[in-house]
Amino acid sequence: MKTIYYLFGLVVMAVLTLVSCESKPSLQKYFVEKSQSNEFMAFDLGTDIIKAAGSDNLTADQEKALKAVRKLNILIFKSDSTDTNVAHYKEETTKVKSILKNGDYEELMRVGSGKEGASINMLGENDDIDEFVVFLRKDGVFGLIRVLGDEMTPTDVLTIMQLVEKSGVDMAQLQPALNQINGSKG
């Protein structure tokens with residue numbers, strides 16, 4: 001009888017292990033994998049980088065948005081003019097599109113077509129959003145911006161973007177990424 005319980009326990013553990021180790025591609029796995037590659041530039045921005053002038057004077061909505069948003073993950077790929085790299089760019093954009101299409105993401109908006117465009121996707125419910133994803137592509141460059149948080153609303157994300165815009169975020173910190181996108185060396 002103990003052998004039956006032991007075997008049953010092993011089968012249950014094996015099933016739980018297989019179920020929990022999902023091999024389906026995810027955006028998180030993609031970010032982790034690609035952040036190690038020389039072809040990609042990756043960085044994270046926490047809400048603490050927002051140095052709002054007069055941060056003591058934040059409105060209740062701004063405070064709520066700052067608490068709801070944990071961080072922004074940014075991943076940028078830039079192809080050069082070689083055929084190999086252009087093919088790799090197409091391969092990588094196809095992977096991202098597949099992850100967003102076949103995952104649990106809901107597409108909110110898409111603009112552009114062909115080689116240029118953008119899409120905005122979300123993971124979660126309207127008033128309990130866990131993740132917003134912006135996927136931008138133009139002229140051999142694509143970028144992914146993940147806005148991660150807890151119980152975010154679309155208003156929270158817009159509020160954070162407005163705070164970033166008027167906060168005095170030190171753009172010098174982002175200059176290497178901007179240079180990468182623009183193709184300049186300085």
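In this chain, numbering begins with 1 at the start of the sequence shown.
A distance of 7.0 Å separates CZ of R137 from OG of S119, quoted to the nearest 0.5 Å. Summarising the geometry, atom CE belonging to M122 is positioned 4.5 Å from atom CD belonging to E106; distances are rounded to the nearest 0.5 Å.
Applying the ring-ring contact (aromatic ring centres under 6.0 Å, His included) criterion to F135, with sequence neighbours excluded, gives F142. Legend: residues meeting side chain to side chain contact (heavy atoms under 4.5 Å, CB included) with D44, ordered by chain and number and at least two apart, are K71, N73. Checked against side chain to side chain contact (heavy atoms under 4.5 Å, CB included), D104 has the following partners two or more places apart in sequence or in another chain: K24, L123. Residues that satisfy the salt bridge (charged side-chain N to carboxylate O under 4.0 Å, His left out) test with R146, not counting sequence neighbours, are E131. Residues meeting the salt bridge (charged side-chain N to carboxylate O under 4.0 Å, His left out) test with E107, sequence neighbours left out: R110. Applying the salt bridge (charged side-chain N to carboxylate O under 4.0 Å, His left out) rule to K90 yields no partners; only residues at least two apart in sequence or on another chain are considered.
F132 and L158 fall into different hydrophobic clusters, where Ile, Leu, Val, Met, Phe, Trp and Tyr are joined by side-chain heavy atoms under 4.5 Å apart, directly or via other members. By the criterion of side-chain heavy atoms lying less than 4.5 angstrom apart, applied directly or through intervening Ile, Leu, Val, Met, Phe, Trp or Tyr residues, I120 is grouped together with L136 in one hydrophobic cluster. V32 and V147 are not part of a single hydrophobic cluster, where members link through side-chain heavy atoms under 4.5 Å apart. At a threshold of 4.5 Å between side-chain heavy atoms, the hydrophobic network of Ile, Leu, Val, Met, Phe, Trp and Tyr places I129 and L148 in two separate groups.
In this structure, the side chains of F77 and T93 stay at 4.5 Å or more apart for every pair of heavy atoms. Using a 4.5 Å heavy-atom threshold, the side chains of N85 and E39 count as touching. Annotation: side chain of K64 is in contact with side chain of T153 (closest heavy-atom distance under 4.5 Å). D61 is not listed as a side-chain neighbour of T155, based on a closest heavy-atom distance of 4.5 Å or more.
Checking side-chain atoms of S98 against main-chain N and O of T94 turns up no donor-acceptor pair under 3.5 Å.
Shown here is K95, whose NZ atom has more than 12 heavy atoms of other residues, nucleotides or ligands within 6.0 Å. Residue E125 qualifies as open at atom CD: its count of foreign heavy atoms under 6.0 Å is 12 or below. Heavy-atom neighbours of K97 NZ from other residues, nucleotides or ligands within 6.0 Å: above the threshold of 12.
Considering all non-hydrogen atoms of both residues, I99 and P25 come closest at CG1-CB, 4.0 Å. Shown here for L45 and I74, the closest heavy-atom pair between the two residues is CD1-CD1, 3.9 Å. L144 approaches F31 most closely through the heavy-atom pair CB-CZ, 3.7 Å. The minimum heavy-atom distance between A68 and D156, with the atom names listed, is CB-OD2, 3.6 Å.
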